[in-house]
A.B. asks: 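Once you've had a glance at the structure underneath, I'll fire off some questions.
So that the names make sense, note that chain A is the first sequence line, chain B the second, and so on, each numbered from 1. As the structure is a computational prediction, the values presented were derived from the model and not from experiment.
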Protein chains: 4
Amino acid sequence: MTDRAYALFEEQQAARGINLEEVKARLKELRIETPSWGYGDSGTRFKVFQKEGVPRDPFEKFEDAAQVHKLTGLAPSVAIHIPWDKVDDYGKLRAHAENLGLSIGAVNPNLFQEDDYMLGSVTNSDAAIRRKATDHLLECVDIAKETGSRDLSLWFADGTNYPGQGSIRKRKGWMQDSLTEMYKALTPEMRMLIEYKCFEPAFYHTDLADWGMAYNMALKLGPQAEVLVDTGHHLPGANIEHIVAYLIDEKRLGGFHFNSRKYADDDLIVGSVNPYELFLIFYQILSAASDGDAGIRSCVSNIAYMIDQSHNIEQKIPAMLRSVLNVQTQYAKALLVNHEEVEEAANRHDVLAAEHAVRSAFEFDVTPLLHVLREEQGLPLDPMKAYLSSGYGNGILARGKGGASW
Amino acid sequence: MTDRAYALFEEQQAARGINLEEVKARLKELRIETPSWGYGDSGTRFKVFQKEGVPRDPFEKFEDAAQVHKLTGLAPSVAIHIPWDKVDDYGKLRAHAENLGLSIGAVNPNLFQEDDYMLGSVTNSDAAIRRKATDHLLECVDIAKETGSRDLSLWFADGTNYPGQGSIRKRKGWMQDSLTEMYKALTPEMRMLIEYKCFEPAFYHTDLADWGMAYNMALKLGPQAEVLVDTGHHLPGANIEHIVAYLIDEKRLGGFHFNSRKYADDDLIVGSVNPYELFLIFYQILSAASDGDAGIRSCVSNIAYMIDQSHNIEQKIPAMLRSVLNVQTQYAKALLVNHEEVEEAANRHDVLAAEHAVRSAFEFDVTPLLHVLREEQGLPLDPMKAYLSSGYGNGILARGKGGASW
Amino acid sequence: MTDRAYALFEEQQAARGINLEEVKARLKELRIETPSWGYGDSGTRFKVFQKEGVPRDPFEKFEDAAQVHKLTGLAPSVAIHIPWDKVDDYGKLRAHAENLGLSIGAVNPNLFQEDDYMLGSVTNSDAAIRRKATDHLLECVDIAKETGSRDLSLWFADGTNYPGQGSIRKRKGWMQDSLTEMYKALTPEMRMLIEYKCFEPAFYHTDLADWGMAYNMALKLGPQAEVLVDTGHHLPGANIEHIVAYLIDEKRLGGFHFNSRKYADDDLIVGSVNPYELFLIFYQILSAASDGDAGIRSCVSNIAYMIDQSHNIEQKIPAMLRSVLNVQTQYAKALLVNHEEVEEAANRHDVLAAEHAVRSAFEFDVTPLLHVLREEQGLPLDPMKAYLSSGYGNGILARGKGGASW
Amino acid sequence: MTDRAYALFEEQQAARGINLEEVKARLKELRIETPSWGYGDSGTRFKVFQKEGVPRDPFEKFEDAAQVHKLTGLAPSVAIHIPWDKVDDYGKLRAHAENLGLSIGAVNPNLFQEDDYMLGSVTNSDAAIRRKATDHLLECVDIAKETGSRDLSLWFADGTNYPGQGSIRKRKGWMQDSLTEMYKALTPEMRMLIEYKCFEPAFYHTDLADWGMAYNMALKLGPQAEVLVDTGHHLPGANIEHIVAYLIDEKRLGGFHFNSRKYADDDLIVGSVNPYELFLIFYQILSAASDGDAGIRSCVSNIAYMIDQSHNIEQKIPAMLRSVLNVQTQYAKALLVNHEEVEEAANRHDVLAAEHAVRSAFEFDVTPLLHVLREEQGLPLDPMKAYLSSGYGNGILARGKGGASW
């Protein structure tokens with residue numbers, strides 16, 4: 001059935017002016033980084049449910065992540081979180097990763113789980129705590145050198161719960177001081193990806209609350225600083241694809257933390273709440289991918305696609321498989337947009353035709369395309385099914401309960 | 001200064017037709033229940049910061065709560081959470097409370113912290129888990145008999161994270177089955193207070209998601225079932241005072257869980273985000289307090305005012321003091337509304353005058369009134385100051401870190 | 001290509017246990033009512049842009065609506081709004097509709113465009129205005145008798161902009177009085193569909209603010225009163241499909257006003273913001289369609305699907321075509337859900353499999369199915385294309401600018 | 001009573017370290033600009049209710065505005081909107097204003113009420129429409145020269161309702177081109193105040209959607225471009241005072257459009273929904289007013305405080321009186337914050353004391369202070385009462401209905 005389905009699909013797309021060989025070539029380049037912490041236990045403030053088989057150390061996390069890559073060809077790198085993934089010998093972790101066909105991806109400092117940081121880390125009014133926090137950032141730069149990581153992903157829980165608790169403007173200055181120091185420690189190949197979040201765990205003000213504050217910080221720091229968009233970190237109604245297009249136009253979009261939300265930072269599987277939104281994000285990215293400006297093209301080609309989710313109730317590895325597959329699916333659909341058609345309709349002010357030209361790409365079923373792609377890549381047609389029948393999930397049950405958690 | 005200030009205030013209010021003796025009489029009747037868990041450690045999913053001096057058991061929680069009541073005269077009862085406050089002998093706990101001048105307030109079942117409940121407690125598709133959950137509810141009714149508690153506060157974390165995860169309608173039926181069984185176990189004096197919440201920890205659908213679902217459940221159960229309004233459990237923009245007025249009109253408002261929110265269920269100190277909203281809630285309540293319908297008056301006089309907050313970064317006892325004082329302040333202001341003036345302006349369609357008649361009561365400084373009230377009650381004029389200079393806070397440091405937490 | 005595509009699709013669905021003959025039979029029963037006002041000019045408070053060719057009277061509105069039905073077979077009835085569609089002789093309008101192959105659908109009273117109603121219509125503190133408003137409701141019942149309409153769709157703009165402006169509880173009572181009077185005037189075949197809205201044009205409180213208030217009113221009125229869900233009338237994050245499932249379970253879901261929103265009541269084309277949400281609404285409806293309870297089945301089969309949109313910038317007829325086609329598309333996808341598969345996964349607590357069983361139906365491209373359906377119905381395969389090449393759009397330009405508007 | 005009340009208040013404030021002479025001096029400097037369009041009819045998309053006595057031309061608008069200033073001493077300038085306030089001879093309008101004791105304030109271009117602008121003005125894909133829109137901006141600069149206005153307030157309705165309707169990035173570039181041309185036309189004394197809005201009338205993306213986009217535009221244009229914060233133009237939950245503090249720190253806060261919102265851009269009377277938020281905005285401003293950086297001090301002292309409201313149901317002049325009085329009240333309260341006390345508490349990490357130090361200033365009743373202030377200024381103690389008894393409101397009824405509207 002796959003062959004007939006693909007033949008029909010190819011015919012259909014050719015009639016629309018879409019060359020599937022090009023589409024497949026682009027799909028083969030898609031890389032989605034999975035997070036080491038996504039393989040461990042997580043939860044809400046009400047309860048962390050412990051699962052059997054959760055990895056007990058960074059090495060096991062990479063083993064689980066390797067399954068995702070082996071079955072999908074999509075996830076060749078794994079982000080780490082320090083100190084959760086602190087090891088004595090990063091060379092050993094790196095070799096372990098490479099033996100599994102993986103590399104170590106972005107390094108994520110953690111400045112929210114020590115008592116000292118209760119009222120702020122790099123924005124604490126206590127200079128000693130700021131020093132400690134900055135030192136941790138510098139330590140992470142050092143770790144990135146050892147792991148060969150290009151990107152440092154920076155999310156700060158810093159903020160206040162009440163007016164008056166801290167000076168908004170002083171904290172802004174302290175944040176800048178700390179990040180400036182970190183920036184100077186980067187090697188020329190490295191990037192700082194600055195994340196923002198509207199609230200949680202701070203419930204009055206968050207020092208980096210929106211894309212504008214992250215972007216402005218990046219402007220001040222220099223060209224190696226860019227913005228990291230976490231799809232769950234916005235106020236209700238925010239048009240994320242607009243922010244994405246905007247940051248690309250400014251050549252400051254560094255990457256994504258993908259996940260889904262309906263309410264707050266729900267951290268559900270990417271593509272499960274409004275798959276069309278994910279498609280529209282890729283539509284904006286692909287609209288810029290062949291821009292006349294080389295700087296914009298370069299920005300687009302360096303976007304780091306990363307998953308950042310908390311699987312509170314799902315099986316960890318299948319949840320990650322589903323996540324990277326959902327991203328691939330929407331990316332594939334976005335590759336079917338005929339940009340000339342959209343633009344032509346927009347230029348003649350035909351709102352309905354322009355909208356339809358975008359949405360109709362979303363409505364295609366890309367399964368035949370992905371099947372052929374996987375065939376060409378020597379991958380199982382249905383990675384989830386392949387995983388479930390692989391026995392890997394049962395094998396790790398021997399690890400028991402009580403593995404890595406945050 | 002207090003005397004002169006009060007004399008002036010009295011004169012001012014008399015000119016507006018407000019009799020301060022009546023106001024003080026009403027203020028003396030105000031009772032705000034504090035929650036045992038509000039004295040322990042709590043936090044966000046990112047971190048629970050442990051404080052020194054946090055109570056190590058239910059007995060110590062009551063000791064801390066007694067401070068709040070002793071200094072304010074406002075908080076004579078303490079809600080308990082089972083199993084957090086499970087003790088071998090509730091008679092002993094009750095006696096301890098009474099020795100401290102307190103009573104045991106609402107009993108709160110906990111159906112969200114066992115692995116069995118990961119996909120639902122009373123709405124789980126597994127009948128054995130539903131049975132277990134219902135048994136816990138019945139156990140709580142038994143405990144309430146021993147503690148002499150009138151109210152059972154029912155909050156369910158039950159819901160789903162994804163479409164398809166569970167049948168919305170079947171779960172609705174299971175919830176009703178379980179609560180019906182519980183309802184039958186009540187003594188005639190008891191009440192079931194049914195709480196609702198829009199999301200968290202469930203991120204797709206929550207079985208009791210809004211006041212309408214809680215209210216409809218109460219209708220089905222019978223007159224001893226009423227709705228509990230947690231001020232933090234609403235979607236952005238919800239008009240809480242409208243819901244309050246509505247439920248009073250239906251004689252089904254059972255009580256409140258007070259706290260403040262700016263974003264999601266932030267659980268900040270009540271009155272700290274939008275104090276005017278708290279005032280407007282009391283304005284609605286007081287508008288109904290002298291209604292011609294005895295059922296409405298009875299509903300109003302039986303409203304249980306309860307605090308439900310998570311003090312992640314604040315000192316526990318001072319945070320609770322501030323909370324009950326904030327409630328008292330807004331209640332006092334609401335008592336200054338001249339309802340005839342509001343109604344008269346509304347009836348002649350003078351929107352601005354009607355709005356002003358409400359808001360101007362909010363703008364009074366009720367400090368002179370509260371000072372005289374406290375004087376008459378033999379309480380310290382400034383309960384917070386009295387607490388801080390009492391030495392109690394230092395005394396409990398000997399408990400060390402690592403006390404009760406959730 | 002259509003034949004091969006359909007053959008493949010049929011094979012694929014058969015393998016999943018889905019019988020396309022049944023699916024097509026259900027699709028043929030789908031009826032979507034379009035609103036007369038959707039063919040006229042509309043806008044925002046900032047500007048109503050006038051289009052050429054907009055109908056100048058109710059008769060022309062029906063002519064335009066007939067185009068939508070002729071090309072799609074989906075829209076055989078048209079809702080009317082009184083007084084916008086007031087005519088001297090409703091028999092004449094009805095005959096006109098029937099000549100066009102249409103019927104007159106729901107009758108919508110209008111209680112928001114007269115100066116008298118500035119501070120409320122049926123909830124105005126002025127008894128004379130309430131009388132006038134109630135009389136208008138009764139007039140609409142009379143009109144419905146003449147037009148042969150089953151449903152009266154009731155949306156009230158009534159509410160307040162400021163605290164104190166009106167008594168929330170008194171207004172609640174007045175609303176009930178008025179609707180009770182209207183209810184008594186209904187013939188046994190008629191239904192009152194009670195709509196709710198969180199805000200706009202009232203910005204403090206709206207008398208019927210959410211589904212719970214509409215539902216409770218329906219309970220009080222009797223079995224011929226049901227709830228009307230306008231998909232744009234909810235606070236951010238509201239789970240509409242949950243409300244839908246809930247109301248079906250209570251046998252009180254009367255119908256929908258379909259449209260899309262990203263922010264407030266944006267009134268965009270249904271299915272254009274989050275098509276998955278529309279699919280999930282149908283998934284809930286279809287989950288109940290073969291329920292064991294005949295009352296629930298009857299509720300489902302009587303749901304009135306209606307469009308309620310404001311096409312501020314789009315061409316009116318094409319916008320309506322797109323709207324009914326979007327509804328048909330998502331309904332078709334929802335018909336592909338294998339409910340046994342979902343339930344089986346949910347029962348074994350496999351969250352990921354259950355979610356996937358729902359979402360995978362959404363990911364099919366139903367174009368082959370809809371093409372064959374249309375072929376069987378003697379309809380153009382692509383109704384939009386057929387409309388654009390029909391010349392109808394050019395023909396109506398002779399009407400000029402300045403047609404019907406609100 | 002005023003004297004005794006003030007004496008007591010002064011004593012009380014002196015004890016807190018607050019010098020009322022300084023407070024009064026600051027209050028005397030407060031200037032709030034009212035908008036010409038705030039005196040005319042306005043409404044929602046559902047209905048514009050026409051009031052009797054609404055001004056029929058710009059000259060009458062200034063006459064009404066003069067009442068507000070005469071009675072409060074707060075509103076010496078009036079913003080104008082072109083073309084609503086277009087006159088043949090701006091010199092004549094200016095002289096009229098000056099005769100009334102007023103000046104002409106900010107000039108507001110209008111690019112949203114012509115058919116040409118349906119799909120965008122300065123961001124329209126049609127170069128001729130962009131040209132026309134830019135010419136209007138240049139015309140407004142010319143008008144500002146004639147009126148002696150310093151500020152041009154720029155709000156653009158431009159955006160899209162659907163994905164694909166327009167290129168987000170191209171529109172961004174066109175906006176920049178147009179504003180660059182306008183910027184070059186400014187005299188050295190002029191400022192461009194760039195406003196942003198999250199949605200409405202555009203319902204998918206708005207070209208200047210948030211402070212970050214407005215700020216970045218200002219950065220590109222130059223030092224005479226600053227950001228204008230309309231308090232109603234934010235997504236739910238946005239911390240406006242954070243944005244205010246941030247922009248001050250960047251020396252790019254140009255001014256405010258004050259109004260209140262509970263849901264969307266409700267345009268209610270400023271200070272009527274959450275008065276504490278307005279207070280907190282002033283708290284942030286005053287925290288920066290004596291900053292060590294002269295640039296920050298200069299930014300603060302040049303903030304343009306402007307009202308921008310739609311009084312749909314209120315009497316126009318009284319609504320404006322209430323608005324400027326509400327602003328004055330919260331500004332007065334913010335002047336009572338003891339910043340050293342806040343900072344000292346924050347520095348010793350006493351969250352509760354810091355919060356209390358801020359909030360306690362809000363809880364004072366500033367009526368005695370404002371009475372004495374008005375006495376010193378030769379103003380009526382109660383400007384609203386003075387207005388209502390002045391007869392002015394009756395006098396203008398002769399204008400009839402059907403005055404200026406938008």
A.B. asks: Less than 4.5 Å to any heavy atom of chain A: does that hold for the side chain of S167(D), its backbone, both, or neither?
C.D. replies: neither
A.B. asks: Taking the side chain as every heavy atom from C-beta outward, state whether H349(D) and N124(A) have any pair of such atoms under 4.5 Å apart.
C.D. replies: yes
A.B. asks: Is A288(A) in contact with chain D via its backbone, its side chain, both, or neither, using a 4.5 Å heavy-atom distance?
C.D. replies: both
A.B. asks: Which region of D210(D), side chain (C-beta onward) or backbone (N, CA, C, O), has a non-hydrogen atom less than 4.5 Å from a non-hydrogen atom of chain A, or is it both or neither?
C.D. replies: side chain
A.B. asks: Select one option (side chain, backbone, both, neither) describing which atoms of L352(A) are under 4.5 Å from chain D's heavy atoms.
C.D. replies: neither
A.B. asks: Given that the side chain runs from C-beta out, which part of Y215(A) has a heavy atom under 4.5 Å from chain D: side chain, backbone, both or neither?
C.D. replies: side chain
A.B. asks: Let me know if F279(D) has heavy atoms under 4.5 Å from chain A in its side chain, its backbone, both or neither.
C.D. replies: neither
A.B. asks: Taking side chain as C-beta onward, heavy atoms only, is H234(A) less than 4.5 Å from L235(D)?
C.D. replies: no
A.B. asks: Checking heavy atoms, do the side chain of A238(D), its backbone, both or neither come under 4.5 Å from chain A?
C.D. replies: both
A.B. asks: Report which part of T206(A) has an atom under 4.5 Å of a heavy atom belonging to chain D: side chain, backbone, both, or neither.
C.D. replies: backbone
A.B. asks: Where on M213(D) is there a heavy atom nearer than 4.5 Å to chain A: the side chain, the backbone, both, or neither?
C.D. replies: both
A.B. asks: Is chain D contacted by the side chain of A357(A), its backbone, both, or neither, given a heavy-atom distance below 4.5 Å?
C.D. replies: neither
A.B. asks: Using side-chain heavy atoms (C-beta onward) and a distance below 4.5 Å, is N239(A) in contact with Y204(D)?
C.D. replies: yes
A.B. asks: At a 4.5 Å cut-off on heavy atoms, which part of Y276(A) comes close to chain D: side chain, backbone, both, or neither?
C.D. replies: side chain
